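Worksheet for the structure shown next.
Only this structure's heavy atoms are used, side chains among them; waters, hydrogens and symmetry mates stay out. Fair warning: this is a prediction, and the values are worked out from it, not measured in the lab.
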Amino acid sequence: MAYRILIVDDEKALQDMVTEILTHGGYETDSALSCAQAIKQFHTGNPHAVLLDVNLPDGDGFSLFGQFREIRDVPVLFLSARDGDADRLQGLGLGADDYITKPFLPQELLLRLRSVLRRVYREEPDTSRLGDVEIDWGKSTVRRNGEETALTAKEFTLLKKLWEARGNIATIDALCAALWDGPLVGYENTLMVHIRRLREKIEADPSRPKHLLTVRGLGYRLRREGAK
């Protein structure tokens with residue numbers, strides 16, 4: 001199921017950036033630049049969650065939050081440049097599900113949104129198995145031999161791309177494109193560094209990998225269970 005997220009922010013550039021992040025994350029989006037637009041979109045779009053700025057041209061996000069809750073109870077995450085404790089406590093005290101301050105990392109936004117949606121809509125844990133390794137996509141962690149290790153944003157993106165192609169080759173160009181924007185010249189050595197660090201977290205012996213294999217001259221392949 002693709003969740004629909006309503007983005008309420010009066011900064012068009014930031015709104016476009018968040019829309020792109022969510023779209024790449026598999027979400028559907030609606031957007032609004034003001035309280036009036038937001039209420040209209042909330043009625044017509046029936047979002048599963050709302051990302052809500054505090055400062056809006058015709059009101060404030062705290063008041064708008066109350067209007068949303070009078071209509072329908074959906075998860076709301078404040079997304080604001082106002083990072084003071086008083087603002088954070090006010091937002092959470094009203095019953096918001098999270099309060100994220102700008103600027104933020106794209107992966108942080110996706111992880112925190114995913115965590116809220118999974119909790120509210122009671123999804124099953126978003127985990128996968130890779131041999132003796134358990135990958136928790138929602139928490140961005142891997143667990144091996146009972147030890148849980150956090151993935152960096154780049155490692156998470158890299159592992160996700162490899163997992164989507166598991167059993168097949170993920171080319172160097174495709175992996176670099178997933179990790180970086182713009183021209184990809186010169187990123188191959190940096191990719192190798194991220195591959196090595198990822199292997200240290202998912203392989204019993206990173207120098208002799210069994211899961212994440214190198215396909216010389218082409219790219220990398222994540223072994224599918226039962227395949228050689």
Side-chain angles (χ1 to χ4, degrees), residues 1-127 136-141 150-153 156-157 160:
M1 178 177 99
Y3 290 106
R4 178 171 293 276
I5 312 300
L6 174 59
I7 307 162
V8 185
D9 198 297
D10 65 340
E11 295 183 37
K12 186 64 165 60
L14 188 138
Q15 193 181 94
D16 290 343
M17 182 189 74
V18 173
T19 297
E20 183 176 359
I21 292 170
L22 296 188
T23 300
H24 281 249
Y27 296 97
E28 297 177 354
T29 64
D30 290 318
S31 58
L33 295 166
S34 65
C35 294
Q37 289 181 10
I39 289 295
K40 181 178 180 180
Q41 287 286 5
F42 193 82
H43 279 292
T44 59
N46 292 316
H48 295 94
V50 180
L51 294 178
L52 178 58
D53 190 13
V54 174
N55 295 319
L56 295 167
D58 56 345
D60 69 82
F62 298 135
S63 298
L64 183 57
F65 172 87
Q67 294 180 61
F68 285 151
R69 285 292 164 89
E70 289 178 2
I71 301 168
R72 190 160 52 91
D73 189 3
V74 300
V76 174
L77 296 81
F78 280 106
L79 197 62
S80 175
R82 289 165 58 170
D83 59 355
D85 289 341
D87 292 314
R88 182 186 298 273
L89 290 173
Q90 182 176 355
L92 295 176
L94 288 171
D97 296 86
D98 205 343
Y99 192 108
I100 304 171
T101 56
K102 306 172 188 175
F104 52 84
L105 294 173
Q107 195 58 49
E108 176 193 10
L109 175 62
L110 289 173
L111 289 174
R112 291 171 71 169
L113 175 61
R114 178 66 169 167
S115 177
V116 168
L117 290 171
R118 187 174 61 219
R119 183 179 70 247
V120 171
Y121 295 105
R122 301 184 182 278
E123 296 180 3
E124 293 300 316
D126 188 7
T127 60
D136 190 319
W137 303 108
K139 293 170 60 180
S140 189
T141 60
L151 297 170
T152 66
F156 177 91
T157 302
K160 191 73 172 178

Restricting to non-hydrogen atoms, name the atom on [X] and the atom on [Y] that form the minimum distance, rounded to 0.1 Å.
| X | Y | result |
| --- | --- | --- |
| Pro75 | Val116 | CB-CG1, 3.6 Å |
| Gly95 | Phe65 | C-CZ, 3.6 Å |
| Ile71 | His43 | CD1-NE2, 3.6 Å |
| Pro47 | Val74 | O-CG1, 3.7 Å |
| Arg72 | Phe42 | O-CZ, 3.8 Å |
| Leu117 | Ala49 | CD2-CB, 3.9 Å |

Does [X] use its side chain to pair, donor to acceptor, with the backbone of [Y] at less than 3.5 Å?
| X | Y | answer |
| --- | --- | --- |
| Asp58 | Cys35 | yes |
| Ser115 | Leu111 | no |
| Asp9 | Leu14 | no |
| Gln15 | Asp10 | no |

Out of Arg69, Arg118, Arg114, which one pairs with Asp97 under the salt bridge (charged side-chain N to carboxylate O under 4.0 Å, His left out) rule?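 Option passing the salt bridge (charged side-chain N to carboxylate O under 4.0 Å, His left out) with Asp97: Arg69.
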[Y] and [X], any side-chain heavy atoms less than 4.5 Å apart:
| X | Y | value |
| --- | --- | --- |
| Leu56 | Leu33 | no |
| Leu79 | Phe104 | yes |
| Leu6 | Leu52 | no |

Distance check, rounded to the nearest 0.5 Å: [X] atom [atom1] versus [Y] atom [atom2]?
| X | Y | atom1 | atom2 | result |
| --- | --- | --- | --- | --- |
| Asp53 | Asn55 | CG | CG | 6.0 Å |
| Glu108 | Thr101 | CD | OG1 | 7.0 Å |
| Asn46 | Arg4 | CG | CZ | 9.0 Å |
| His24 | Thr157 | NE2 | OG1 | 11.5 Å |
| Ile21 | Thr29 | CD1 | OG1 | 11.5 Å |
| Leu51 | Tyr27 | CG | OH | 9.5 Å |

Parallel under 30°, tilted from 30 to 60°, perpendicular over 60°: which one fits the rings of Tyr3 and His48?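 The arrangement is perpendicular - the two ring planes meet at more than 60°.
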